[in-house]
Amino acid sequence: MRCHPPSPELRELVDRLLDGGGLDRIESARLETLITDDPQALDYYLSMTTQAAQLARVLAGRHQAKQTTARPFIRRLQPLATIFFSDYPLLKAAAMLVLLTCGIGIGWLLFSADDKIVVATTSTSLDEADAERKPPAATITGLLGVEWEDTDAGWSLDRRHPERLRMRSGLAELTFASGVRVTLEGPADFTVTSDLSATLDAGKLVAYVPPSGQGFSIDYAGGRVVDLGTEFAMSTGLNRTTKVGVYDGLVELHRPDKPILRVSTDEAIELSSDHGLNAASVPFDRQRFVRSIPSRDFAWELRDLGPQEFVFDVSHLVWKAGNYRAIFKWMLGRDGVQIRDVTLSRDGVPVAMVAQTGSTGALDNVENNLFELPLSRDQARRGLWEIRCTLEPLDRTGASFDPSMPVESIGMMLFEEGLVANATAGDFAGTWSYRHEGRNFQRTFHPDGAITLRIDGEISRGPLGTRRWAVEQGILRIPIPDSRNPSQMLYEEHVLRDHDTLIFVSNPYGNAKREP
Amino acid sequence: MWQVSGYGKVGVVESEQFNNQSKSEEHPAEISERFKALMPALESYAFSILADYHAACDVVQETLFLVWQKRPDLIGEDLRAYCFRTVWFKCLAQQRDHGREPVVYFSHKAMQRISHAAEDVAEQHEQRMHALETCLKSLEPKELDLLKLRYESQHTLKAIAGKSERKASRLRKSLSRLRLRLRHCIETTLASQKQ
């Protein structure tokens with residue numbers, strides 16, 4: 001370690017640390033940049049921190065010169081604790097706590113005459129214990145049309161807390177433990193390095209940074225973006241350029257051997273690797289970036305008799321080949337609805353269509369309301385993607401209400417892909433919570449096929465508790481006897497939007513969330 | 001030999017200084033002696049990563065306690081390397097869990113970088129300690145008193161200013177100059193020892 005003089009800024013920051021004042025996130029980010037970009041700065045930092053730790057020990061009289069010859073055994077009952085517990089009262093307390101907690105049965109304990117203790121216990125691996133306690137730096141909280149670079153498996157549980165995401169296409173939303181939310185658009189190569197930092201090797205992203213995430217940084221080829229505000233977009237990898245634009249707030253661009261650039265609201269900067277990361281102001285094309293995972297739910301409403309055609313723009317949801325599903329769900333109103341002519345088209349040309357007529361409404365009116373729309377790799381190109389369909393109120397003959405009343409039916413079309421088509425029983429097993437009409441509901445799908453329903457914490461004695469559930473082709477089905485015709489079975493159906501979101505296909509309830 | 005992300009070198013370094021391998025016949029007192037010798041280096045290492053002396057001491061305490069607990073499983077292991085590795089994990093946990101308000105917010109990547117470089121420094125910890133003791137002898141009593149207030153008692157600058165009725169800004173400058181002088185003295189001493 002050589003004795004290079006520090007820059008005034010480095011000296012100031014290190015002094016403030018060593019004076020006991022601490023650094024806030026912005027100052028920390030600055031110090032981090034200095035010591036990671038410049039080996040001499042790191043040398044300085046280490047020489048000063050080592051000196052501080054050694055001063056504390058030397059000045060407190062806790063340092064003894066190292067024995068030059070090996071000492072013989074001290075005495076049999078004066079081992080480890082005798083020596084370092086006197087330096088570390090907390091350690092002694094911790095040892096005692098362990099003994100009190102674990103009991104003598106799992107370890108052994110020796111007391112010397114002067115109340116020194118030695119403890120040895122069987123213990124779990126430190127790594128295992130740490131891993132159990134360790135909260136993930138980031139969690140995938142949304143996926144849309146993702147094709148992974150390294151596997152065709154799609155969504156899987158072990159990807160929920162990823163270190164690295166390599167996507168060919170689609171959108172992934174990551175929520176960091178610091179509260180930062182990143183929406184990543186494929187193709188992309190993104191690595192989570194901590195709850196406040198990541199690396200973008202290729203791809204596009206938008207980062208929303210709440211106050212708890214101030215100082216959040218993203219490394220890119222040759223530099224670093226540090227967020228000082230609330231929301232920014234960046235892209236990198238294409239044509240060896242990196243673009244950074246700010247929706248709101250302020251970010252800093254760090255480049256080696258160049259002054260820091262500050263970019264504020266509505267500004268955008270382009271850095272070219274071919275030109276030594278020189279910066280150029282460019283227009284900020286806000287529409288180029290996806291700021292959040294778009295909704296999959298589309299509302300529809302019928303107020304008239306006769307058929308009506310509906311068109312839903314799903315362009316933002318079609319990113320790749322896959323088994324897409326259109327689910328028509330009734331939510332409110334006296335009328336059931338027939339569904340037919342469901343077509344998925346690109347730029348006005350039908351690409352996938354289903355020769356199926358279904359219906360939705362109250363449970364006894366629900367039949368074939370899930371439409372399969374497979375899309376091959378050849379067909380999956382960007383364009384204007386639309387779901388077209390015809391909806392018509394069901395015949396009112398035999399209805400329990402006055403047939404002269406106006407037509408009323410309100411519902412949603414859910415456009416799904418992924419787990420909706422290939423979920424297994426294991427994906428459904430667990431407890432799911434939802435609210436309906438002001439009450440809390442919990443459905444537990446037990447692995448043995450049993451079902452428990454709790455309403456506001458109390459186990460319901462309704463028919464669901466006696467039924468069994470099963471999964472076929474990604475759909476969980478629960479047979480329930482029709483109360484008006486007990487010999488006939490009705491089916492409650494559920495599908496999964498993702499690992500944590502359960503959709504009621506046949507009931508007018510909002511989506512349920514998985515209980516941890 | 002360990003391959004641990006963020007912690008590479010100490011896990012594979014063979015150091016003669018601490019007679020690394022834990023032996024089956026080793027008496028607990030011998031191990032405790034080795035722990036005692038390791039403590040200052042571990043504290044410095046942890047302090048470089050966390051920049052918080054109390055947190056660093058806590059981490060070292062927990063580490064030694066855990067390593068002591070696992071002692072029967074560590075026969076044949078490189079104890080020194082194991083201790084450093086454990087400190088690294090404990091530092092990560094300390095930063096992650098925020099048991100106390102952190103004094104600095106380093107990213108995981110920066111902590112890794114510091115950790116790697118701190119391993120090199122730790123290898124000459126004893127020499128640096130001796131050099132520091134020598135250099136301290138060259139200070140004025142007043143200067144030594146100031147250092148004691150800050151480092152022996154671990155008072156913050158604000159608290160020292162309040163106690164000594166001196167301006168915090170002047171104390172800050174004095175401490176900063178003292179640190180630089182000591183650094184220069186230590187590095188010069190180490191360089192002269194190498195020649």
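Lettering follows sequence order; numbering is per chain, from 1. Because only heavy atoms are used, hydrogens play no part in the values below, and waters and symmetry mates are left out as well, while side chains stay in.
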J.: Where on A/Thr199 is there a heavy atom nearer than 4.5 Å to chain B: the side chain, the backbone, both, or neither?
T.: side chain
J.: For A/Tyr44 and B/Leu180: C-alpha separation, side-chain torsions, deciding distance, then whether side-chain contact (heavy atoms from CB on, under 4.5 Å) applies.
T.: CA-CA 10 Å; A/Tyr44 176 77; B/Leu180 272 190; 3.7 Å; yes
J.: Taking every heavy-atom pair that is under 4.5 Å apart, which of A/Gly215, A/Ser197, A/Ser194 has the most such pairs with chain B?
T.: A/Ser194
J.: Who wins among A/Thr193, A/Thr36, A/Leu31 for the most heavy-atom pairs under 4.5 Å with chain B?
T.: A/Thr36
J.: Just so I know, are the side chains of B/Ser176 and A/Glu12 near enough to count as touching, which here means a heavy-atom distance under 4.5 Å?
T.: no
J.: Rounded to the nearest 0.5 Å, what separates atom OG1 in A/Thr49 from atom CG in B/Asp52?
T.: 12.5 Å
J.: By a 4.5 Å heavy-atom criterion (distance strictly below it), what part of A/Asp24 contacts chain B: side chain, backbone, both, or neither?
T.: backbone
J.: Examine whether an atom of B/Leu147 lies under 4.5 Å from a heavy atom of chain A, and if so say whether it belongs to the side chain, the backbone or both; otherwise answer neither.
T.: both
J.: Which value, rounded to the nearest 0.5 Å, describes the distance between A/Leu55 atom CG and B/Met129 atom CE?
T.: 9.5 Å
J.: Do A/Val14 and B/Arg179 have side chains that get closer than 4.5 Å, going by heavy atoms?
T.: no
J.: Check whether A/Thr50 gets within reach of chain B through its side chain, its backbone, both or neither, counting any heavy atom under 4.5 Å.
T.: both
J.: Taking the side chain as C-beta and beyond, is there a heavy-atom pair between B/Arg113 and A/Leu42 under 4.5 Å?
T.: yes
J.: Please check this pair: side chain of A/Tyr45 against backbone of B/Ser48, looking for a donor-acceptor N/O pair closer than 3.5 Å.
T.: yes
J.: Between A/Leu23 and B/Phe106, is there a side-chain heavy-atom distance shorter than 4.5 Å?
T.: no
J.: Show your working on side-chain contact (heavy atoms from CB on, under 4.5 Å) between A/Gln54 and B/Glu133 and close with a plain yes or no.
T.: CA-CA 9 Å; A/Gln54 291 184 331; B/Glu133 285 173 324; over 6 Å; no
J.: Top residue by heavy-atom pair count (under 4.5 Å) with chain B, among A/Ile35, A/Leu196, A/Leu17, A/Thr33?
T.: A/Leu17
J.: The test is side-chain contact (heavy atoms from CB on, under 4.5 Å); show your working for A/Asp15 and B/Leu175 and say whether it passes.
T.: CA-CA 8 Å; A/Asp15 277 346; B/Leu175 268 175; over 6 Å; no
J.: Would the distance check show the side chain of A/Glu32 and the main-chain N or O of B/Ser107 forming a donor-acceptor pair, the cut-off being under 3.5 Å?
T.: yes
J.: Between A/Ser217, A/Ser28, A/Ala29, A/Gly22, who has the most heavy-atom pairs with chain B when the cutoff is under 4.5 Å?
T.: A/Ser28
J.: Is there side-chain contact between A/Leu59 and B/Leu144, with heavy atoms separated by less than 4.5 Å?
T.: yes
J.: Look up atom CG in A/Leu18 and atom OH in B/Tyr151, then write down how far apart they are to the nearest 0.5 Å.
T.: 5.0 Å
J.: Could you grab the distance from atom CZ of B/Arg172 to atom CZ of A/Arg16, nearest 0.5 Å is fine?
T.: 7.5 Å
J.: Which region of B/Leu136, side chain (C-beta onward) or backbone (N, CA, C, O), has a non-hydrogen atom less than 4.5 Å from a non-hydrogen atom of chain A, or is it both or neither?
T.: side chain
